[in-house]
Chemist: 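Before anything else, here's the structure in question.
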Amino acid sequence: MTEIEQILTELAQQIRLNNLRHLNQSIDDFNNLLSRDPELALKNLSMLSKEDQQTPPAVIEKMIDVANWRLPDDTLDTTKIYLDPCCGSGGILAYLHKHYNIPKENLYGIDIKQENVALCNKLGFNVVKGDALKQETYAKVKDLINQIKGEPMIINRVLMNP
C-alpha cells in the first residue's frame, strides 16, 4: 500500500467513526425525546434519517380505520403480528408501539437500506434487510418471528406508507 493509499484509508476510517458517533448521539437524543414526549419524537423522527418520508399519524389512523382493525374499546389487538414491509426509520412501528401498546416482539419491518435496519434494530424493533418485493425476504421475517416468539406465527397485519 502506498503512503497516499494509507492516508486515504485512515481518513475513510476516521470519517466512518465520526459518522457512527453522530448516529449513536442522534439515537440517544431520539430515545430521550421518545421517553419524554412520544408525540414530538414521532413528528421529529426525520432527524434520524434525512431521506425518509415519515407517515403522518393521521394517515396511520386512517389506514387502521380502513383495515377495520379497531377493537370495540378503540384499541388494537396486541397479540397480532404487525409488519411494515418498507419501514424506513420505523415511524409506523414506533407509532403502533407508543399509541396502541403493541409489544415490540409483535412489530416487524423490512427495509432495503442497511442504515434504516440498523437504526430500527437499535430502537428495539425487529427489522430485516431485504427487498419487500422478494419472497426470500419474507422467509427471513418469518425466521425472525420464530426466533423471537419461539414458535412459528403468521403475520396478521401489514401496514405501510401508501
Side-chain angles (χ1 to χ4, degrees), residues 23-162:
L23 176 62
N24 285 333
Q25 183 59 51
S26 294
I27 290 169
D28 290 344
D29 291 347
F30 178 75
N31 282 332
N32 289 334
L33 181 59
L34 191 60
S35 66
R36 289 190 326 271
D37 189 345
E39 197 65 36
L40 182 60
L42 287 170
K43 288 179 184 173
N44 291 300
L45 193 58
S46 61
M47 71 183 185
L48 297 174
S49 179
K50 302 283 186 237
E51 297 175 9
D52 276 345
Q53 295 294 321
Q54 295 302 313
T55 306
V59 173
I60 297 171
E61 291 296 331
K62 186 66 173 173
M63 290 187 294
I64 291 169
D65 289 341
V66 168
N68 197 26
W69 290 346
R70 290 189 198 281
L71 299 174
D73 62 357
D74 208 35
T75 62
L76 295 181
D77 189 339
T78 59
T79 66
K80 301 289 185 189
I81 302 293
Y82 294 81
L83 172 71
D84 182 349
C86 300
C87 68
S89 57
I92 291 175
L93 300 175
Y95 187 86
L96 291 174
H97 178 65
K98 289 297 178 185
H99 291 276
Y100 289 101
N101 298 316
I102 306 297
K104 287 185 177 180
E105 62 267 12
N106 289 359
L107 293 169
Y108 295 84
I110 298 169
D111 203 82
I112 203 158
K113 293 167 125 183
Q114 183 57 44
E115 301 82 23
N116 288 337
V117 173
L119 172 62
C120 288
N121 289 334
K122 189 144 181 127
L123 291 172
F125 296 111
N126 308 298
V127 176
V128 299
K129 182 180 183 322
D131 185 339
L133 299 176
K134 295 191 176 178
Q135 188 173 1
E136 61 264 18
T137 303
Y138 292 91
K140 288 181 1 185
V141 173
K142 287 183 178 186
D143 287 345
L144 181 61
I145 293 170
N146 189 23
Q147 193 177 14
I148 291 171
K149 301 296 272 180
E151 60 182 300
M153 297 192 72
I154 62 168
I155 299 165
N156 306 101
R157 306 280 191 256
V158 177
L159 193 63
M160 65 181 277
N161 188 325

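The residues of the chain are indexed from 1 along the displayed sequence.
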Chemist: Contact between Leu144 and Tyr108 at the side-chain level, heavy atoms closer than 4.5 Å - yes or no?
Modeler: yes
Chemist: Not counting sequence neighbours, which residues clear side-chain contact (heavy atoms from CB on, under 4.5 Å) with Asn121? List them please.
Modeler: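 Counting only residues at least two positions away or on another chain, Asn121 forms a side-chain contact (heavy atoms from CB on, under 4.5 Å) with Val117, Val127.
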Chemist: Kindly compute the distance separating OG1 (Thr75) from CH2 (Trp69), expressed to the nearest 0.5 Å.
Modeler: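 Separation between the atoms: 14.0 Å.
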Chemist: How close do Cys87 and Cys120 get, heavy atom to heavy atom, and via which atoms?
Modeler: SG-SG, 4.1 Å
Chemist: Would you indicate whether the side-chain heavy atoms of Cys86 and Asn161 approach each other to under 4.5 Å?
Modeler: no
Chemist: Under the side-chain contact (heavy atoms from CB on, under 4.5 Å) test, which residues partner Met63, sequence neighbours left out?
Modeler: Thr55, Val59, Ile60, Ile92, Leu159, Pro162
Chemist: Taking C-beta and beyond as the side chain, do Val158 and Pro85 meet within less than 4.5 Å on heavy atoms?
Modeler: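 Counting from C-beta outward, Val158 and Pro85 do come under 4.5 Å.
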Chemist: So, do Asp84 and Ile110 sit near enough that their side-chain heavy atoms are less than 4.5 Å apart?
Modeler: no
Chemist: Grab the two heavy atoms, one from Pro57 and one from Tyr95, that are nearest each other, plus how far apart they are.
Modeler: CB-CE1, 3.5 Å
Chemist: From Glu105 CD over to Thr78 OG1, what is the distance, rounded to the nearest 0.5 angstrom?
Modeler: 9.5 Å
Chemist: Can you tell me which residue pairs pass the salt bridge (charged side-chain N to carboxylate O under 4.0 Å, His left out) test with a partner in residues 65-78, sequence neighbours excluded?
Modeler: Glu61-Arg70, Asp65-Arg70, Arg70-Asp74
Chemist: Identify the two heavy atoms, one from Met153 and one from Ile145, that lie closest to each other, and give their separation to 0.1 Å.
Modeler: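 Nearest pair, atom of Met153 first, then Ile145: CB-CG2, 3.9 Å.
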Chemist: Tell me the salt bridge (charged side-chain N to carboxylate O under 4.0 Å, His left out) pairs involving residues 126-146, sequence neighbours left out?
Modeler: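 Sorted result for residues 126-146: empty, none.
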Chemist: Taking side-chain contact (heavy atoms from CB on, under 4.5 Å) as the test, write out the residues that go with Asn106, two or more places apart.
Modeler: Ile81, Ile102, Pro103, Lys149
Chemist: Once rounded to the nearest 0.5 Å, what's the spacing between atom NE2 of His97 and atom CG of Leu107?
Modeler: 7.5 Å
Chemist: To the nearest 0.5 Å, what is the distance between NZ (Lys104) and CG (Leu96)?
Modeler: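 Between Lys104 NZ and Leu96 CG, I get 12.5 Å after rounding to 0.5 Å.
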Chemist: Determine whether Tyr100 and Tyr82 make a side-chain contact, defined as any pair of heavy atoms from C-beta on separated by less than 4.5 Å.
Modeler: no
